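Report on one structure; see the data block that follows.
Being a predicted model, the structure only gives us computed values, none of them experimental. Whatever order the structure lists ligands and atoms in, that order sets their numbers, starting from 1.
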Amino acid sequence: MSRTVYLNGEYLPEAEAKVSIFDRGFLMADGVYEVTSVLDGKLIDFAGHAARLERSLSELDMINPVTADDLAAMFRELVRLNRIDQGMIYLQVTRGNPGDRSFVFPDVSVPATVVAFTQDVPNLVDAPAAKTGFKVISIPDLRWARVDIKTTQLLYPSMGKMLAKKAGVDDSWFVKDGEVTEGTSNNAYIVKGNRIITRQLTTDILHGITRASVLRFAAEAQFEIEERPFTVAEAQAADEAFSTAATIFVMPVVEIDGQPVGSGKPGPVATRLREIYIDEMRKTAA
Ligand code: PLP
């Protein structure tokens with residue numbers, strides 16, 4: 001079925017939504033994005049995604065072309081038009097089309113390009129991967145130094161996914177100066193006893209919206225939270241490991257570089273945090 005997508009104020013059949021070859025998103029990866037999940041036809045963690053969009057744009061000296069209220073209304077309209085029960089909304093905002101290619105940012109009078117579309121994922125909650133867990137490999141973190149900004153420069157994370165695929169596993173975890181930063185498209189955690197350990201928020205990782213919610217729920221459930229880097233060896237020796245992102249919620253990680261983590265099966269902490277996250281999101285989806 002053809003989707004209805006959003007482009008600069010219009011809802012269009014996907015085949016009719018066209019963007020210029022001079023768009024800076026296309027020529028320079030000069031754009032930012034957000035992925036918001038949909039549960040029961042409602043938006044989850046929307047406020048966090050809207051706030052991070054604002055921050056990413058501001059870090060790149062781009063004017064936010066859409067208020068959070070208008071964005072929520074647009075997302076809900078896309079969900080309605082495409083009859084999404086479980087899935088995702090992808091939003092991208094680029095610096096627009098100055099009519100030619102130049103390294104210099106165009107004048108702020110050039111309007112941003114705003115694109116959004118839905119992805120139907122009927123088994124977002126009952127994801128088969130959550131029952132078996134992810135196997136990951138570690139690879140060097142060769143991304144640029146401002147990965148806290150959610151830009152569309154995703155070539156290296158794509159290469160990381162391909163390296164994982166070639167190795168017969170599910171994902172790659174990036175390693176910088178001997179310590180894990182995060183996954184290709186998710187934040188990374190280990191569990192030791194009652195402690196959940198994850199890298200602190202700096203420019204080295206994306207400030208995950210799921211991360212913020214999961215850490216809040218984990219603290220409420222009396223887990224200790226330690227925000228610090230960890231090594232691959234420490235992760236391999238941990239009781240459990242897991243990743244979080246809007247698209248995977250809480251995903252157990254059961255193997256790192258061929259070594260099983262804990263029992264080699266999804267552990268009780270990751271399983272419980274996944275359940276809590278889904279329950280809480282169901283309550284607050286709007
Ligand atoms: N880290 C990276 C590099 C990501 O690309 C993502 C999501 O795409 C995340 C972490 C998780 O962020 P969120 O929980 O906001 O989806």
Identify whether Val66 and Met74 are in the same connected component of the hydrophobic contact network (ILVMFWY, side-chain heavy atoms under 4.5 Å).
yes

Sorted by chain and residue number, the salt bridge (Lys or Arg N to Asp or Glu O under 4.0 Å) partners of Arg3 (sequence neighbours excluded) come out as Glu14

Give the other cluster members for Leu201, using side-chain heavy-atom distances under 4.5 Å between Ile, Leu, Val, Met, Phe, Trp and Tyr residues; answer none if it is isolated.
Ile205

How are the rings of Phe249 and Tyr277 set relative to one another: parallel (under 30°), tilted (30 to 60°) or perpendicular (over 60°)?
tilted

The criterion is ring-ring contact (aromatic ring centres under 6.0 Å, His included); which residues satisfy it with Phe26, sequence neighbours excluded?
none

Is a side-chain donor-acceptor pair under 3.5 Å present for Asp257 with Ser138?
yes

Tell me, which residues have any heavy atom less than 4.0 Å from some atom of ligand 1?
Tyr33, His49, Arg52, Arg143, Lys150, Glu182, Gly183, Thr184, Ser185, Asn186, Asn187, Leu206, Gly208, Ile209, Thr210, Thr244, Ala245, Ala246

